[in-house]
Asks: 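Please find one structure pasted underneath; my questions will follow.
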Amino acid sequence: MSRLASFISSMYNMSIRVICRSPHSKPPLPGLTRVFVAGKKDLIDLPVLNEDELEEQFVRGSGPGGQATNKTSNCVVLKHTPSGIVVKCHQTRSVDTNRKRARDIMREKLDVLYKGEHSEVLVKKKVSELRKQEKRRKVNENLERKRHFKETLAAASEPGKDTV
């Protein structure tokens, strides 16, 4: 079994434990409720945001875009007061879309803060990195095999060498 397959298997088993709340998993932090976010590739157990704990501001965005960016206050700055985490979102020209995306980003950052290395966000990132490394390794192996094959062909076709 490859290193990647064993890691994915262990992460899958860990995520099942977190979702099922088995007696072996850590108890949830006090005052934190969880929600499953739908619409993602698979269910993610993220903390629920309490609107009373958030401070929201609308500021002018920056970067390319000219007048549409520089004269409208559609950049959302969201601060979670208990943890002090600040999220700034200016991905679109729509304030409503930026508000929604800022809250999604805040949920992911809080998940990383509360769960640490066992956060679904970090686990998915690590799995993705391992897959990239595995793919890169396979590509390098194939290139090495092709190079070796070409060298063998060139050596066999040299004049003066009799190979049967």
Side-chain angles (χ1 to χ4, degrees), residues 2-140 142:
S2 71
R3 203 174 89 187
L4 175 65
S6 64
F7 177 76
I8 291 173
S9 173
S10 67
M11 289 298 118
Y12 175 76
N13 292 336
M14 185 186 73
S15 65
I16 293 297
R17 268 188 267 133
V18 170
I19 291 171
C20 296
R21 298 279 184 243
S22 74
H24 304 293
S25 65
K26 293 180 181 178
L29 295 170
L32 257 181
T33 53
R34 303 281 184 191
V35 66
F36 288 105
V37 177
K40 300 269 182 168
K41 195 169 185 179
D42 47 350
L43 298 176
I44 299 178
D45 187 24
L46 294 176
V48 176
L49 290 179
N50 186 357
E51 291 294 324
D52 298 336
E53 298 175 344
L54 298 177
E55 293 177 13
E56 187 175 42
Q57 293 178 346
F58 303 100
V59 296
R60 289 188 180 166
S62 61
Q67 182 175 353
T69 299
N70 300 331
K71 286 195 173 185
T72 58
S73 296
N74 54 8
C75 179
V76 177
V77 178
L78 201 60
K79 181 178 181 182
H80 187 251
T81 50
S83 64
I85 295 176
V86 177
V87 171
K88 189 174 182 180
C89 181
H90 186 235
Q91 294 176 355
T92 67
R93 290 172 62 178
S94 168
V95 175
D96 292 332
T97 307
N98 286 335
R99 289 181 75 200
K100 184 176 184 278
R101 288 186 182 175
R103 280 167 171 70
D104 290 342
I105 294 168
M106 180 64 76
R107 269 195 223 110
E108 290 176 357
K109 287 194 179 238
L110 286 174
D111 187 48
V112 170
L113 176 74
Y114 292 134
K115 289 185 179 177
E117 290 184 9
H118 301 293
S119 166
E120 282 87 354
V121 176
L122 293 180
V123 168
K124 283 186 176 185
K125 188 175 181 181
K126 188 163 187 162
V127 167
S128 173
E129 287 175 4
L130 285 174
R131 282 186 181 151
K132 279 184 184 177
Q133 289 174 359
E134 188 75 15
K135 189 174 182 178
R136 187 79 234 154
R137 186 187 61 78
K138 286 181 181 179
V139 166
N140 287 337
N142 283 338

Asks: How far apart are the C-alpha atoms of Val87 and Lys109, what are their side-chain angles, what is the distance that settles it, and do they pass the side chain to side chain contact (heavy atoms under 4.5 Å, CB included) test?
Replies: CA-CA 9 Å; Val87 171; Lys109 287 194 179 238; 4.0 Å; yes
Asks: Roughly how far, to the nearest 0.5 Å, is the OG1 atom of Thr72 from the CZ atom of Arg93?
Replies: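 One finds 7.0 Å between CZ of Arg93 and OG1 of Thr72.
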Asks: Heavy atoms only: give me the nearest Gly116-Leu122 pair and the separation to one decimal.
Replies: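 That would be O-CD1, 3.2 Å.
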Asks: Supply the atom-to-atom distance Met106 CE to Ser83 OG, rounded to the nearest 0.5 angstrom.
Replies: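 Spacing of CE (Met106) from OG (Ser83) equals 6.5 Å.
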Asks: Does a side-chain N-to-carboxylate-O contact under 4.0 Å join Arg137 and Glu134?
Replies: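 Glu134 and Arg137: salt-bridged.
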Asks: Quick check for you: to the nearest 0.5 Å, what is the distance between Leu110 atom CG and Leu49 atom CG?
Replies: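 Reported value, rounded in 0.5 Å steps: 6.0 Å.
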Asks: Under the side chain to side chain contact (heavy atoms under 4.5 Å, CB included) criterion, do His90 and Asn74 qualify, and how do the steps go?
Replies: CA-CA 7 Å; His90 186 235; Asn74 54 8; 3.0 Å; yes
Asks: Taking only residues two or more places apart in sequence or in another chain, which ones pass side-chain contact (heavy atoms from CB on, under 4.5 Å) with Val77?
Replies: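 Partners of Val77 by the side-chain contact (heavy atoms from CB on, under 4.5 Å) criterion, ordered by chain and then number, come out as Gln57, Val59, Val86, Lys88.
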Asks: Sequence neighbours left out, what pairs pass salt bridge (charged side-chain N to carboxylate O under 4.0 Å, His left out) with at least one residue falling in residues 55-73?
Replies: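 Every salt bridge (charged side-chain N to carboxylate O under 4.0 Å, His left out) pair that includes a residue of residues 55-73, provided the two are not neighbours, is Glu56-Arg99, Glu56-Arg103.
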Asks: Test side chain to side chain contact (heavy atoms under 4.5 Å, CB included) on Ile105 and Gln91 and set out the steps.
Replies: CA-CA 12 Å; Ile105 294 168; Gln91 294 176 355; 4.1 Å; yes
Asks: Between Glu117 and Lys126, is there a salt bridge with N-O shorter than 4.0 Å?
Replies: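 So Lys126 does not pair with Glu117 through a salt bridge.
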Asks: Side-chain contact, heavy-atom cut-off 4.5 Å: Arg101 with Thr92?
Replies: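 Yes - at least one pair of side-chain heavy atoms lies under 4.5 Å apart.
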Asks: Ignoring hydrogens and angles, tell me if any N or O in the side chain of Thr81 forms a donor-acceptor pair with the backbone of Glu53 under 3.5 Å.
Replies: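 Yes.
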Asks: What I'd like to find out is whether the side chain of Asp111 reaches to under 4.5 Å of the side chain of Glu120, using heavy atoms alone.
Replies: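 They are in contact (side-chain heavy atoms under 4.5 Å apart), so the answer is yes.
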Asks: Just wondering, do Val95 and Phe58 contact through their side chains at under 4.5 Å, heavy atoms?
Replies: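 Of all side-chain heavy-atom pairs linking Val95 with Phe58, at least one is under 4.5 Å.
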Asks: Kindly compute the distance separating NZ (Lys100) from CG (Asp96), expressed to the nearest 0.5 Å.
Replies: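 One finds 11.0 Å between NZ of Lys100 and CG of Asp96.
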Asks: Do you know which two heavy atoms are closest between Cys89 and Asn98, and how far apart they sit?
Replies: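 Reported closest heavy-atom pair: SG-O, 3.7 Å.
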Asks: If you look at every heavy atom in Val112 and Ser119, which pair is closest and at what distance?
Replies: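 Minimum heavy-atom separation between Val112 and Ser119: CG2-OG, 3.6 Å.
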